[in-house]
Protein chains: 2
Amino acid sequence: MDVKTVCLGMLSDGEASGYDLKKQFESTFAHFFAAGYGSIYPALSSLHADGLVDCREEAQDGRPDRKVYRITDDGLAHLRGALSETNLTHRVRSEFLAAMCFAHLMSAEQIAAILDHRVTELSRYLAMFDEFDECNGEWTDGMRFVCGFGRAITEASKRYIEANRDTLTAAPDLKRTAAQ
Amino acid sequence: MDVKTVCLGMLSDGEASGYDLKKQFESTFAHFFAAGYGSIYPALSSLHADGLVDCREEAQDGRPDRKVYRITDDGLAHLRGALSETNLTHRVRSEFLAAMCFAHLMSAEQIAAILDHRVTELSRYLAMFDEFDECNGEWTDGMRFVCGFGRAITEASKRYIEANRDTLTAAPDLKRTAAQ
DNA sequence: CGCAACATGTAAGCGGTTACATGATTAC
DNA sequence: GTAATCATGTAACCGCTTACATGTTGCG
């Protein structure tokens, strides 16, 4: 499933412009499916060329024109087909964990800085999830499930790092003490 | 940080062939940094061309020859440089979560199949982490931290799915009952 | 006899990122 | 004035995936 399919999925929930979709990629989808304008606009063009979405140009006063896309019947059928796949991937690519594998080559200060940076990012995500909850009422069960999932693993990540950071940052003699 | 750097990091722990590294990518690194032969062999060639690793060709009887790579002093310096970066990414790309966002377009059976598939994958990871623990003694603190992290979020994922699957697969009238 | 494990590579292609390009309006 | 928000796009590039290509030994 690529950016094209996800855009189509977002449009199944109501019409939107590329700019609107980008905001969704940055907020509710940020923790598991990021995409930039360089992916979104070509995806929408391609969906339009395939007849999977309609496009209406909308003039606005005091603002640039916008292209509002709406899913077609063909598009909905196509989306259902893509969703019928059961072998869906869930991939993680983490420079953070890769670096931690080689912690023995770093100073305690370096490790601490990396860990702090990661915890900060996780906290930003948690703040985002809290914001989502405030306007939770309008959401589908699916979106609630996905955001709950995000919160669950984000909290687990943060807890794990905070509980185990001393195994990497403590001086060797302190580590022996902690092990006793 | 790309496959090249991770290969260099693995070699900082002892000499190995491309084939050996692949096994490590498939086991201990699988849950956060996958790589295939098509990435590994070119990475090793490139590291060799840059003088960051040495290469020794080893003839074996009853088996194909192998190229054993060893990190050089330049390589170690380069690796430390790469590791000094504090802005390390941790990216998730999940078709699974994307599909769950559009659960309202699927049947309960379809959703159940996808959820079951994911739980199976998570269980396979957990079995892998259990295997790792058996020969845990030889590991660095870094590797223990990373595998512990993997287990923590894998368990959290599994628990979350099992606790919340009925919000997506229950019939509408049952959902109302559950909400009360 | 066939399959798994051992072992190394190349090449095409794809999907996504990054940087570039443009321009109006509003708020500080 | 200057930054942020709104708004749409292109093009080069990069890194990874996939498929292809080849060959041996050992085990059941």
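The structure displayed is predicted, hence computed values, not measured ones.
The environment of CZ in A/R56 is crowded: more than 12 heavy-atom neighbours from other residues, nucleotides or ligands sit within 6.0 Å.
Contact of the B/M106 side chain with the B/L168 side chain is not registered, since no non-hydrogen atoms from C-beta on lie closer than 4.5 Å. A 4.5 Å side-chain heavy-atom check between B/F132 and B/R151 finds every atom pair outside the cut-off.
The phosphate of D/dG9 (OP1 or OP2) has a side-chain N or O of A/K67 nearer than 4.0 angstrom. Between A/R93 and D/dC16 there is a side-chain polar atom (N or O) within less than 4.0 angstrom of OP1 or OP2. The phosphate of C/dG15 has neither OP1 nor OP2 within less than 4.0 Å of any side-chain N or O from A/S39.
Rounded to a whole Å, the CZ atom of B/R66 is 5 Å from the P atom of C/dA7. The NZ atom of B/K22 sits 15 Å away from the P atom of C/dG9 (whole-angstrom rounding). What separates CD1 of B/I40 from P of C/dT10 is a distance of 14 Å, to the nearest Å. Rounding to whole angstrom units, CG of residue A/L21 and P of D/dC6 are separated by 14 Å. Straight-line distance from the CG atom of B/D2 to the C1' atom of D/dC16: 11 Å, rounded to whole Å. Remark: C1' of D/dT17 and CD of B/E26 are 15 Å apart, rounded to the nearest angstrom.
In terms of position along DNA chain D, the nucleotide closest to A/D20 lies nearer the 5' end than the nucleotide closest to the other residue of the pair B/V3 and A/D20. The 5' end of DNA chain C is approached more closely, in terms of each residue's nearest nucleotide, by B/K23 than by the other of B/K23 and B/R91.
For B/Y69, the listed nucleotide lying nearest its side chain is C/dG9; candidates were C/dG9, D/dG9, D/dT8. The B/P42 side chain lies nearest to C/dT10 when the options are C/dT8, C/dT10, C/dG15.
Rounded to 10°, the helix from C/dC1-D/dG28 to C/dC28-D/dG1 has 40° between the axis fitted to its first five pairs and the one fitted to its last five.
Side-chain polar atoms of A/H117 and B/N87 form a donor-acceptor pair below 3.5 angstrom.
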Base-contact (B) and sugar-phosphate-only (S) positions in nucleotides 19-24 of chain D, heavy-atom cut-off under 4.0 Å, - elsewhere: ----B-

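Each of B/L8, B/L52, B/L21 was compared with B/L44 under the side-chain contact (heavy atoms from CB on, under 4.5 Å) criterion, and only B/L21 meets it.
For B/Y19, the ring pair (Phe, Tyr, Trp, His ring centres under 6.0 Å) criterion is met by no residue, not counting sequence neighbours.
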